[in-house]
There are 2 protein chains.
Amino acid sequence: MSLSSQPVRSVREQIADQLRNEILSDQLPPNAPLREAKLAERFGTSRGPIRDVLLQLTQEGALIYKPNVGVRVGTPTVNEDRELLISLRRQIEVRALDTIWGHLEDEDFRAMREILDGMDRACEKKDMAAIAGSDMALHRYLIHRAGSADLEAIWLSIAVRIRMTYSRLKTFKDIWSEHVAIVDAIQALDKTAALEALEANIV
Amino acid sequence: MSLSSQPVRSVREQIADQLRNEILSDQLPPNAPLREAKLAERFGTSRGPIRDVLLQLTQEGALIYKPNVGVRVGTPTVNEDRELLISLRRQIEVRALDTIWGHLEDEDFRAMREILDGMDRACEKKDMAAIAGSDMALHRYLIHRAGSADLEAIWLSIAVRIRMTYSRLKTFKDIWSEHVAIVDAIQALDKTAALEALEANIV
DNA sequence: TTAACAAGGATTGTTGACAATCTACAATCA
DNA sequence: TGATTGTAGATTGTCAACAATCCTTGTTAA
């Protein structure tokens with residue numbers, strides 16, 4: 001097949017991804033208001049599709065909706081609640097790893113390496129939105145390959161609320177290295193290393 | 001204060017609750033299509049608010065959306081995935097119980113008893129939508145009182161996907177009794193009994 | 001008989017306009 | 001001076017109309 005077989009992504013999906021990444025990377029900081037009309041102008045649509053996106057992101061946990069007032073960027077979950085969410089997220093990711101173990105193909109590793117390449121470039125450019133997006137995309141790829149849309153949706157809802165922080169790492173490159181280690185261990189079929197790398201990454 | 005202080009529920013919220021209950025009780029069976037125009041007629045609104053509701057329920061996990069085609073009722077999660085969701089749900093509910101333990105007031109027990117009365121009436125009438133709604137409402141009350149909107153949203157997303165089944169119980173009255181036992185144990189501050197009743201209920 | 005194509009109807013997606021609600025600020029009153 | 005009220009502008013919520021897409025059925029060709 002010589003023609004591209006990339007899935008066509010809907011306008012809604014693209015806008016949602018873009019805004020989610022901006023929220024996850026703090027480009028849109030907690031409590032920042034989002035205005036339908038401005039976003040419609042920014043993305044070249046009418047307000048209708050923007051409303052859909054804002055509603056989706058609200059349900060995902062990225063935004064807080066107030067009737068007749070609008071939506072604002074939500075505050076990340078903290079303290080014990082965050083600990084519980086991290087624990088839940090880990091359980092889902094470990095389960096996904098179990099499910100896909102030994103079943104990934106060359107195409108899968110090609111796709112994950114591609115995500116890592118994007119992350120590498122984002123780290124070079126210190127582009128936090130793209131870093132956050134790649135981070136999310138890699139983990140999500142594994143969940144997605146495990147095949148349960150339900151677990152994937154719940155995982156997303158948790159991941160969005162946790163808001164990964166990168167302050168524990170010294171350099172941008174460390175963000176990338178940590179994720180490379182996960183993929184390397186999976187590809188080498190070293191489950192102990194994969195689980196360790198994965199759980200060390202979700203904190 | 002002699003005037004009612006009941007919170008006003010938005011039209012969207014009321015429609016979402018009604019449809020969710022119908023889905024949870026199988027009145028709207030898996031794979032059944034939902035049509036915007038028909039629902040708009042049924043609820044006396046335009047299609048816009050209905051689209052909002054359908055999008056919300058889709059994100060919650062009750063509906064499956066297909067671009068340009070519409071939404072259908074989702075299929076409950078089964079097998080190992082369901083086991084994991086039940087485990088996650090239990091962890092969230094146990095955490096909520098910890099958080100509220102010893103802090104509930106007379107007003108809370110009045111509210112929960114009121115939900116149980118509604119469940120009792122629903123059982124008499126064998127009204128599955130109302131039973132499912134009461135079941136959800138009681139558990140959700142506890143989560144809500146624990147004070148984390150994030151955990152509440154994730155809990156809802158899990159609960160909707162699990163779809164409680166009542167076939168393990170002999171009579172409609174058993175459904176109610178099982179929930180009475182939970183509230184009784186909480187009110188008596190008997191934590192062991194509360195945890196046992198709660199976990200036995202979520203299967 | 002089966003597969004491919006065309007057409008009509010059903011339904012969703014988008015748009016712009018109007019109605020409803022909220023917020024911020026100024027003016028007035030006690 | 002602080003509290004209350006009124007007003008204007010910003011923004012969301014809803015509506016109806018039109019555009020786009022899909023599904024179903026019927027027809028035709030191999």
Side-chain angles (χ1 to χ4, degrees), chain A residues 3-20 22-23 28-75 149 153, chain B residues 3-20 22-23 28-75 149 153:
Chain A
L3 296 184
S4 168
S5 62
Q6 286 293 323
V8 175
R9 295 204 304 149
S10 68
V11 166
R12 185 203 287 182
E13 203 176 326
Q14 293 175 61
I15 298 176
D17 281 354
Q18 178 61 29
L19 290 179
R20 193 187 298 111
E22 290 175 15
I23 291 163
L28 286 173
N31 217 41
L34 272 69
R35 298 289 174 243
E36 294 180 1
K38 284 182 184 165
L39 290 172
E41 194 175 329
R42 173 178 166 192
F43 290 106
T45 71
S46 72
R47 283 173 46 219
I50 298 294
R51 288 181 58 80
D52 287 347
V53 169
L54 296 184
L55 188 43
Q56 177 180 333
L57 291 175
T58 297
Q59 291 287 115
E60 282 178 16
L63 303 175
I64 304 292
Y65 163 79
K66 194 171 178 188
N68 292 315
V69 174
V71 298
R72 287 175 177 269
V73 176
T75 307
Chain B
L3 297 185
S4 167
S5 62
Q6 286 292 323
V8 176
R9 295 205 305 150
S10 69
V11 166
R12 183 202 290 183
E13 203 176 328
Q14 292 174 61
I15 299 176
D17 282 354
Q18 177 61 30
L19 290 180
R20 193 188 296 112
E22 290 175 17
I23 291 165
L28 287 174
N31 218 41
L34 272 67
R35 296 291 173 247
E36 295 179 0
K38 284 183 187 168
L39 290 173
E41 195 176 330
R42 175 178 163 191
F43 290 105
T45 71
S46 73
R47 280 172 50 218
I50 298 294
R51 286 180 60 81
D52 287 348
V53 170
L54 295 184
L55 187 44
Q56 178 179 332
L57 291 175
T58 297
Q59 291 286 113
E60 283 177 16
L63 303 176
I64 305 291
Y65 163 78
K66 194 172 178 189
N68 292 316
V69 176
V71 298
R72 288 177 178 269
V73 176
T75 307

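Order of the sequence lines fixes the chain letters, A, B, ..., with proteins taken first and strands second; residue numbering starts at 1 for each chain. Heavy atoms only: backbone and side chains are in, while hydrogens, waters and symmetry mates are out.
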Using OP1 and OP2 only, check whether a side-chain N or O of B:R51 sits under 4.0 Å from C:dT12. no
What is the nucleic acid contact for A:L54, judged by heavy atoms within less than 4.0 Å: base, sugar-phosphate only, or nothing? nothing
May I have the distance from A:R72 (atom CZ) to D:dA10 (atom C1'), rounded to whole angstrom? 13 Å
To the nearest Å, give me how far apart CD1 (A:I15) and P (C:dG13) are. 14 Å
Considering all heavy atoms, the nearest B:L34-B:L54 contact: CD2-CD2, 3.9 Å
Proximal nucleotide (of C:dG16, D:dC15, C:dT12) relative to the B:S46 side chain: D:dC15
In whole Å, I'd like the distance from the NZ atom of A:K38 to the C1' atom of D:dA10. 10 Å
Among D:dT14, C:dT23, D:dT11, the one nearest any side-chain atom of B:D52 is D:dT14
Please report the distance, rounded to the nearest Å, between CZ in A:F43 and P in C:dT14. 14 Å
Whole angstroms only, please: what is the CD-C1' distance between B:E41 and C:dA10? 15 Å
Quick one: closest heavy-atom pair of B:A40 and B:R47, and the distance? CB-N, 4.0 Å
To the nearest Å, how far apart are B:R12 CZ and D:dC15 P? 13 Å
Pairing donors with acceptors under 3.5 angstrom, does anything connect the side chains of B:Q18 and B:Q14? no
With a cut-off of less than 4.0 Å, is there a side-chain N or O of A:Y65 near OP1 or OP2 of D:dG13? yes
Spacing of B:I50 atom CD1 relative to D:dC15 atom C1', expressed in whole Å: 13 Å
Answer with base, sugar-phosphate or nothing: what part of the nucleic acid does A:G48 contact at a heavy-atom distance below 4.0 Å? base
Apply the test side chain to side chain donor-acceptor pair (under 3.5 Å) to residues A:Q56 and A:E60: give CA-CA distance (whole Å), side-chain angles for both, the deciding distance (0.1 Å), then the verdict. CA-CA 6 Å; A:Q56 177 180 333; A:E60 282 178 16; 3.2 Å; yes
Locate the shortest heavy-atom distance separating B:L55 from A:D52; write the atom from each residue and the value. CD2-O, 3.4 Å
Where the side chain of B:R35 is defined as all heavy atoms beyond and including C-beta, which of C:dA17, C:dT11, C:dG13 is the nearest nucleotide? C:dT11
Side chain of A:E36 (C-beta onward), nearest among D:dT12, D:dT14, D:dC22: D:dT12
Would you indicate which nucleotide in D:dT14, C:dT15, D:dG13 comes nearest to any side-chain atom of A:T45? C:dT15
Among the nucleotides D:dC22, D:dG13, D:dC23, whichever has the atom closest to the side chain of A:N68 is D:dG13
Between D:dC15 (P) and B:R47 (CZ): distance, integer Å: 12 Å
Does B:L34 reach a base, just sugar-phosphate, or nothing at all? Heavy atoms under 4.0 Å. sugar-phosphate
